[in-house]
Amino acid sequence: MGMKSALRGAATSDFLDRVVQDGGLSATGKRRGWFGGLMSVAWLSFMIGPVIKSWQRADQPTASLATAALLAYAVLIVGSFIAFRQAFGTSPLVERPVDWRIWAVLAGMTACSAGLMTLLGAIALATLTFVGVIAIFHMPSRESGYVALTVTVAMLLVPVALPSLSSVPFYVSFVPTVIWGARQIGLRGERLAELARRQQAELAIVEERNRVARDVHDILGHSLTVITVKTELAQRLIDVDLTRAKAEMADVERLAREALAEVRETVGGLREVSLRGELANARTALAAADIDATLLDAVPDTPHSELFGWVLREAITNVIRHSAARHCTVTVTDSSIEVVDDGRGLGTVDSGSGLSGLRERVRAAGGTLTLSSSEGGVRVRATVPE
């Protein structure tokens, strides 16, 4: 439940972020729209000089129309950054559909540019580049590429058709195409970074699932094994010692409740295993299975208490379930734990999911898990670098 709640919380947070950023509800987003528009308009400053010269020539109709066209051009640019969202949302992997109104804005900008070229001459030809730039910012890659290419071709052909506009350097015509290409390179990098982030998130989820699976397996495997042993003992004692049989069944009920609580804590990420607690559980479980145990009287103060607790839990579970042993010895140092029994050996247990999960757990801690088996028993040893 805890992990599901966390995932739901993360999904809710991501949804709210998208609503704020994509829906235009953020004051920061609006400020960025104004800023982007104003910065784009700043590049139109090269047209101020020709407009002023037209006023100085006392050509009032031309000056008035040129001023109106330039102002309209600036308004369309700023308005496009405020009214239209970027072609990509919070994720560079998802392109937004084309807003049909952007075509009207581009048409208006083209008309203003044509008017400025007619009124002010060759210098106004460069204003066509803004048509391609606005398309690149507010349209998906394919559509903006078509617009940028069209603008480039138009800027190359217009001087051919109108020799009076041929004084503009031809390389200016390629500005929209170059900007489009640079943006595609940037988007490719962003897409790769986004894919890497998603893969890391997926790997984290898989790792968390594996952790929960290992913990649940270890908890239930040990608890159910002890419950089975105590139930069998209680059945044998019913006709011999009813009082002790009732006590064993009471232990079964307690173990079942503890196992349920441990599973809930594990799924919630709150499960804590300690060497001290597992030694106490091992003493009880081995006694119920009628296996003599040599355990520690004092638990060493080791930084690997949790890891050694998991090793001890799984090893004792296998001793009780598979070994048919009569004696079991547990030895612990600051950097190692060893569980030895005198049973019949591992057999096919070595490939079980419990020991596989235990190997992964020890390996994740930088340690090694070794198992040796013979007709005289099994030795399980986990070692962690000091």
Taking [Y] as the starting point, is it possible to reach [X] by hopping between hydrophobic residues whose side chains are less than 4.5 Å apart?
X: L116; Y: W55; answer: yes
X: M249; Y: L237; answer: no
X: L128; Y: F137; answer: yes
X: L296; Y: L307; answer: yes
X: W103; Y: V105; answer: yes

Can you name the nearest heavy-atom pair linking [X] to [Y], along with the distance?
X: L76; Y: G108; result: CD1-C, 3.6 Å
X: S144; Y: W180; result: OG-NE1, 3.2 Å
X: S113; Y: T127; result: OG-OG1, 2.6 Å
X: V131; Y: V147; result: O-CG1, 4.1 Å
X: H304; Y: P385; result: NE2-O, 4.1 Å
X: H138; Y: I102; result: CB-CD1, 4.1 Å

Within the side chain of [X], is there an N or O that forms a donor-acceptor pair under 3.5 Å with the backbone of [Y]?
X: R276; Y: G309; value: no
X: T152; Y: A148; value: yes
X: S64; Y: P61; value: no

Taking C-beta and beyond as the side chain, do [X] and [Y] meet within less than 4.5 Å on heavy atoms?
X: F174; Y: L156; value: yes
X: V319; Y: I291; value: yes
X: S141; Y: L187; value: yes
X: R321; Y: T228; value: no
X: L312; Y: F308; value: no
X: M139; Y: L106; value: yes
X: R359; Y: L371; value: yes

Of T317, L255, I316, the residue whose pairing with V226 passes side-chain contact (heavy atoms from CB on, under 4.5 Å):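 Among T317, L255, I316, the one meeting side-chain contact (heavy atoms from CB on, under 4.5 Å) with V226 is L255.
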Distance alone, cut at 3.5 Å: any donor-acceptor contact between the side chains of T294 and H327?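 H327 and T294 do have a side-chain donor-acceptor pair below 3.5 Å.
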With rounding to the nearest 0.5 Å, note down the distance linking [atom1] in [X] to [atom2] in [Y].
X: E248; Y: E232; atom1: CD; atom2: CD; value: 12.0 Å
X: T329; Y: D292; atom1: OG1; atom2: CG; value: 9.5 Å
X: L279; Y: S305; atom1: CG; atom2: OG; value: 8.5 Å
X: E278; Y: E314; atom1: CD; atom2: CD; value: 11.0 Å
X: M155; Y: T150; atom1: CE; atom2: OG1; value: 13.0 Å
X: T284; Y: D251; atom1: OG1; atom2: CG; value: 7.5 Å

Inspect the surroundings of CZ in R379 and state if more than 12 heavy atoms from other residues, nucleotides or ligands are less than 6.0 Å away.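 12 or below, so no.
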Under the rule for side-chain hydrogen bond (donor to acceptor under 3.5 Å, both in side chains), what residues qualify as partners of R101, not counting sequence neighbours?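 Partners of R101 by the side-chain hydrogen bond (donor to acceptor under 3.5 Å, both in side chains) criterion, ordered by chain and then number, come out as D99.
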List the residues meeting side-chain hydrogen bond (donor to acceptor under 3.5 Å, both in side chains) with R361, not counting sequence neighbours, and say none if there are none.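 Result, side-chain hydrogen bond (donor to acceptor under 3.5 Å, both in side chains) vs R361: D215, D218.
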Is the closest basic N to carboxylate O distance between R326 and D341 below 4.0 Å?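 Salt bridge between R326 and D341, a charged N being under 4.0 Å from a carboxylate O: no.
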